[in-house]
S.K.: 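Just passing along the structure, written as structure tokens.
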Amino acid sequence: MFLINAQAIPTKSSDQYGKVLGAYVSLYINYKDIEGAFNLVKFYIEDEGWEINEIDDEYFTLSSKEDIDDDQIELYEEALKYGYSIIFNCYEEE
């Protein structure tokens, strides 16, 4: 599994459009290939109605729950069950 981070801004199709300037997006992707995982990151962010500003080149490879903080276990388990988990950490000002 991979943890990939990105920055994005809401488009008109997003519930957050006009409410926030952008978000730091974290995605847990349960996929074996990193190239495929990056493609899935793009798909899932855009599917939520956000435009990607940047995807971090650095990513984390996760082998088990012990690789993550306790407050992130729910996201990790969700990715195991559904293939991915996404969280938008929105900000209103730069």
Side-chain angles (χ1 to χ4, degrees):
M1 181 179 309
F2 301 102
L3 171 58
I4 301 171
N5 296 301
Q7 293 181 25
I9 57 171
T11 65
K12 289 182 181 180
S13 64
S14 169
D15 293 341
Q16 296 298 321
Y17 184 77
K19 298 177 185 175
V20 299
L21 290 179
Y24 297 102
V25 187
S26 296
L27 289 104
Y28 288 83
I29 302 288
N30 192 14
Y31 202 75
K32 295 193 183 293
D33 175 67
I34 189 60
E35 277 187 47
F38 274 108
N39 288 331
L40 288 170
V41 164
K42 292 174 189 174
F43 172 79
Y44 290 129
I45 291 174
E46 291 171 357
D47 191 51
E48 291 288 328
W50 291 71
E51 180 182 324
I52 299 168
N53 282 348
E54 180 182 350
I55 298 176
D56 292 354
D57 291 334
E58 294 184 31
Y59 58 88
F60 300 93
T61 303
L62 309 171
S63 301
S64 69
K65 282 193 241 185
E66 287 73 38
D67 292 338
I68 58 172
D69 294 333
D70 289 341
D71 63 339
Q72 301 289 306
I73 289 176
E74 184 177 338
L75 296 168
Y76 178 86
E77 290 176 345
E78 184 177 301
L80 284 176
K81 185 174 182 179
Y82 299 109
Y84 78 102
S85 182
I86 186 170
I87 186 164
F88 291 85
N89 298 297
C90 298
Y91 53 87
E92 297 175 0
E93 298 176 5
E94 289 192 39

S.K.: Mind checking the CD1-OH spacing from Ile87 to Tyr28? Nearest 0.5 Å is all I need.
M.R.: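 Result: 8.5 Å between the selected atoms.
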S.K.: Determine the minimum heavy-atom distance between Ala23 and Cys90, stating which atoms define it.
M.R.: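 Smallest interatomic distance, heavy atoms only, reads CB-CA, 3.9 Å.
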S.K.: Within a 6.0 Å radius of atom CG on Asp15, are there more than 12 heavy atoms belonging to other residues, nucleotides or ligands?
M.R.: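 For Asp15, atom CG is not crowded (no more than 12 foreign heavy atoms under 6.0 Å).
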S.K.: Looking at residues at least two apart in the chain, or sitting in another chain, which of them share a side-chain contact (heavy atoms from CB on, under 4.5 Å) with Asp69?
M.R.: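 Only Asp71, Gln72 meet the side-chain contact (heavy atoms from CB on, under 4.5 Å) criterion with Asp69.
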S.K.: Atom NZ of Lys81 and atom CG of Asn30: how far apart are they, to the nearest 0.5 Å?
M.R.: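 One finds 13.5 Å between NZ of Lys81 and CG of Asn30.
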S.K.: Whether the side chain of Ser26 engages the backbone of Asn5 through a donor-acceptor N/O pair (distance < 3.5 Å, no angle test) should be reported.
M.R.: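 No; judged by distance alone, with no hydrogens or angles, the pair does not exist.
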S.K.: Establish, from distance only, whether the side-chain atoms of Gln16 and Ser14 form a donor-acceptor pair under 3.5 Å.
M.R.: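 No, no side-chain donor-acceptor contact under 3.5 Å.
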S.K.: When clusters are formed by joining ILVMFWY residues with side-chain heavy atoms under 4.5 Å apart, either directly or through shared neighbours, do Tyr24 and Phe60 land in the same one?
M.R.: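 Different clusters.
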S.K.: Kindly compute the distance separating CD1 (Ile68) from CG (Leu75), expressed to the nearest 0.5 Å.
M.R.: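 Output value for this atom pair is 7.5 Å.
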S.K.: Which residues, ordered by chain and number, are linked to Phe2 in its hydrophobic cluster, where ILVMFWY side chains connect at heavy-atom gaps below 4.5 Å, directly or through other members?
M.R.: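 Same cluster as Phe2: Ile4, Val20, Val25, Leu27, Ile29, Tyr31, Ile34, Phe38, Leu40, Val41, Phe43, Tyr44, Ile45, Trp50, Ile52, Ile55, Tyr59, Tyr84, Ile86, Phe88.
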S.K.: Could you go through the side-chain contact (heavy atoms from CB on, under 4.5 Å) check for Tyr91 and Leu21 one step at a time?
M.R.: CA-CA 6 Å; Tyr91 53 87; Leu21 290 179; 4.1 Å; yes
S.K.: Can you tell me how far CG of Asp47 sits from NZ of Lys42, rounded to the nearest 0.5 angstrom?
M.R.: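 Spacing of NZ (Lys42) from CG (Asp47) equals 15.5 Å.
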S.K.: Please give me the minimum heavy-atom distance between Lys19 and Glu92, naming the atom from each residue.
M.R.: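 In this case the closest contact between Lys19 and Glu92 is O-CG, 3.9 Å.
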S.K.: Any chance you could measure Ile9, atom CD1, to Glu51, atom CD, to the nearest 0.5 Å?
M.R.: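 The distance works out to 4.5 Å.
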S.K.: Once side-chain hydrogen bond (donor to acceptor under 3.5 Å, both in side chains) is applied, do any residues pair with Glu78, and if so which ones, sequence neighbours excluded?
M.R.: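 With neighbours one apart ignored, the set is Ser85.
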